[in-house]
Amino acid sequence: EVLLCFSAVVLIPAPAEAQLGQNGVVIVGKGSGKCIQVPDGSAANGAPITQSACLAGSTTWELVPSAGYFRVVASHGGGCLSVSDGSTSSGDRVVHGTCSATDDQLWSLKVSGRSYRVVAKQSGKCLRVKDDSKASGASLIQSPCGAADSELWTLGGGFTAPDQHVRIVNSHNDLCVDMAASSAAG
């Protein structure tokens with residue numbers, strides 16, 4: 001049963017698979033309000049991943065399904081969000097790497113309220129802003145998952161995770177409707 005409680009809405013479409021190939025998404029830190037970026041749009045293997053102000057031209061990312069996980073691919077150069085040198089150690093940098101069939105480039109999205117934890121397959125650690133910084137240019141690392149806002153992310157551009165509930169919110173009065181996401185069947 002769905003109870004409608006709005007007149008003007010911001011719609012979040014579902015399912016995720018329908019959104020993955022469309023123009024990419026921006027990934028925004030809950031703790032800082034800044035976007036995940038490849039500085040200067042670099043396509044270089046090993047380029048650091050940082051956070052900076054979300055502006056026109058911010059790095060967008062495509063979430064490409066792969067065996068129950070996602071490859072997070074930079075729209076500008078095709079490189080993948082990778083843990084540096086395939087490390088499983090806490091505090092190691094997350095970089096822009098040439099996409100390959102390695103687990104250090106596979107990520108899952110774990111729902112946490114209205115945000116996500118981005119979790120590395122090979123280490124089980126979360127994508128996090130180093131030192132919980134709110135500053136532009138701060139590096140991203142992998143770190144044990146906890147409760148810090150610096151490891152929570154929102155995805156802009158109409159993305160809804162599979163099997164997630166969708167909330168449609170009236171932007172004028174914050175009234176809402178909650179619905180379960182559905183899969184794209186035939």
Side-chain angles (χ1 to χ4, degrees), residues 16 20 24-55 57-157 159 161-164:
L20 295 175
V25 296
V26 292
I27 304 175
V28 183
K30 180 179 180 186
S32 66
K34 293 185 170 46
C35 286
I36 293 178
Q37 305 282 352
V38 181
D40 302 319
S42 176
N45 191 36
I49 302 296
T50 63
Q51 68 176 3
S52 64
C54 299
L55 304 170
S58 290
T59 302
T60 59
W61 304 89
E62 293 181 35
L63 304 173
V64 180
S66 180
Y69 292 87
F70 292 100
R71 290 196 190 291
V72 183
V73 182
S75 298
H76 73 276
C80 284
L81 197 68
S82 307
V83 179
S84 184
D85 298 321
S87 174
T88 58
S89 298
S90 294
D92 280 354
R93 293 181 322 134
V94 174
V95 298
H96 179 266
T98 302
C99 294
S100 62
T102 57
D103 285 352
D104 65 304
Q105 296 180 347
L106 293 177
W107 304 86
S108 62
L109 301 177
K110 306 293 183 191
V111 175
S112 179
R114 291 185 162 189
S115 303
Y116 298 91
R117 283 188 174 78
V118 179
V119 181
K121 178 184 180 185
Q122 80 172 25
S123 67
K125 293 179 172 63
C126 281
L127 180 67
R128 186 175 187 152
V129 180
K130 186 176 182 180
D131 299 325
D132 301 327
S133 177
K134 294 181 183 343
S136 286
S139 296
L140 272 60
I141 60 170
Q142 68 175 356
S143 178
C145 299
D149 282 350
S150 62
E151 67 184 42
L152 295 175
W153 307 93
T154 59
L155 307 175
F159 179 85
D163 303 322
Q164 179 188 351

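Numbering of residues begins at 1 and proceeds along the displayed sequence.
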The complete set of salt bridge (Lys or Arg N to Asp or Glu O under 4.0 Å) pairs with one or both residues in residues 24-39, sequence neighbours excluded, reads Lys30-Asp149
CA sep, side-chain torsions, deciding dist, call: Cys54, Val28, side chain to side chain contact (heavy atoms under 4.5 Å, CB included)
CA-CA 8 Å; Cys54 299; Val28 183; 4.0 Å; yes
Residue pairs passing the side-chain hydrogen bond (donor to acceptor under 3.5 Å, both in side chains) test with at least one member in residues 86-96, sequence neighbours excluded, are Ser87-Asp92
Distance col, row Phe70:CZ vs Leu106:CG, nearest 0.5 angstrom, shows 11.0 Å
Sorted by chain and number, sequence neighbours left out, salt bridge (charged side-chain N to carboxylate O under 4.0 Å, His left out) with Arg117 holds for Glu151
The side chain to side chain donor-acceptor pair (under 3.5 Å) partners of Ser143 (sequence neighbours excluded) come to none
All heavy atoms of Ser75 vs all of Gly24, minimum pair found to be OG-CA, 4.1 Å
**Prompt:** Does the side chain to side chain contact (heavy atoms under 4.5 Å, CB included) test come out yes or no for Leu81 and Leu127, once each step is laid out?
**Reply:** CA-CA 10 Å; Leu81 197 68; Leu127 180 67; 4.2 Å; yes
| Worked check of side chain to side chain contact (heavy atoms under 4.5 Å, CB included) between Leu109 and Leu63 | CA-CA 10 Å; Leu109 301 177; Leu63 304 173; 4.2 Å; yes
Could you list the donor-acceptor pairs under 3.5 angstrom formed between side-chain atoms of residues 36-48 and any protein atom two or more places apart in sequence or on another chain?
unit_1, atom_1, unit_2, atom_2, d
Gln37, OE1, Thr59, N, 2.8
Gln37, OE1, Thr59, OG1, 3.0
Gln37, NE2, Ser58, OG, 3.1
Ser42, OG, Ala44, N, 3.0
Asn45, OD1, Thr98, N, 2.9

Rounded to the nearest 0.5 Å, the OG atom of Ser82 sits from the CH2 atom of Trp107 at a distance of 8.0 Å
By side chain to side chain donor-acceptor pair (under 3.5 Å), Ser115 pairs with (sequence neighbours left out) none
Quick note, disulfide (SG to SG under 2.5 Å) partners involving residues 65-95, not counting sequence neighbours, are Cys80-Cys99
Sorted by chain and number, sequence neighbours left out, side chain to side chain donor-acceptor pair (under 3.5 Å) with Asp132 holds for Arg128, Ser150
Residue pairs meeting ring pair (Phe, Tyr, Trp, His ring centres under 6.0 Å), one or both in residues 128-153, sequence neighbours left out, come to none
Next item on the list: Report yes if some heavy atom in the side chain of Tyr116 is under 4.5 Å from a heavy atom in the side chain of Val111; otherwise report no.
Entry: yes
Sorted by chain and residue number, the side chain to side chain donor-acceptor pair (under 3.5 Å) partners of Ser100 (sequence neighbours excluded) come out as Thr102
- Task: Take Ile27 and Val72 through the test side chain to side chain contact (heavy atoms under 4.5 Å, CB included) and record every step on the way to the result.
- Result: CA-CA 10 Å; Ile27 304 175; Val72 183; 4.0 Å; yes
Residue pairs passing the ring pair (Phe, Tyr, Trp, His ring centres under 6.0 Å) test with at least one member in residues 123-151, sequence neighbours excluded, are none
Smallest heavy-atom separation, Ile141 atom then Gly91 atom, equals CG2-O, 3.5 Å
Here the salt bridge (Lys or Arg N to Asp or Glu O under 4.0 Å) pairs for residues 95-112, sequence neighbours left out, are Asp103-Lys121
Here the pair of heavy atoms bringing Cys145 nearest to Val119 is SG-CG2, 4.2 Å
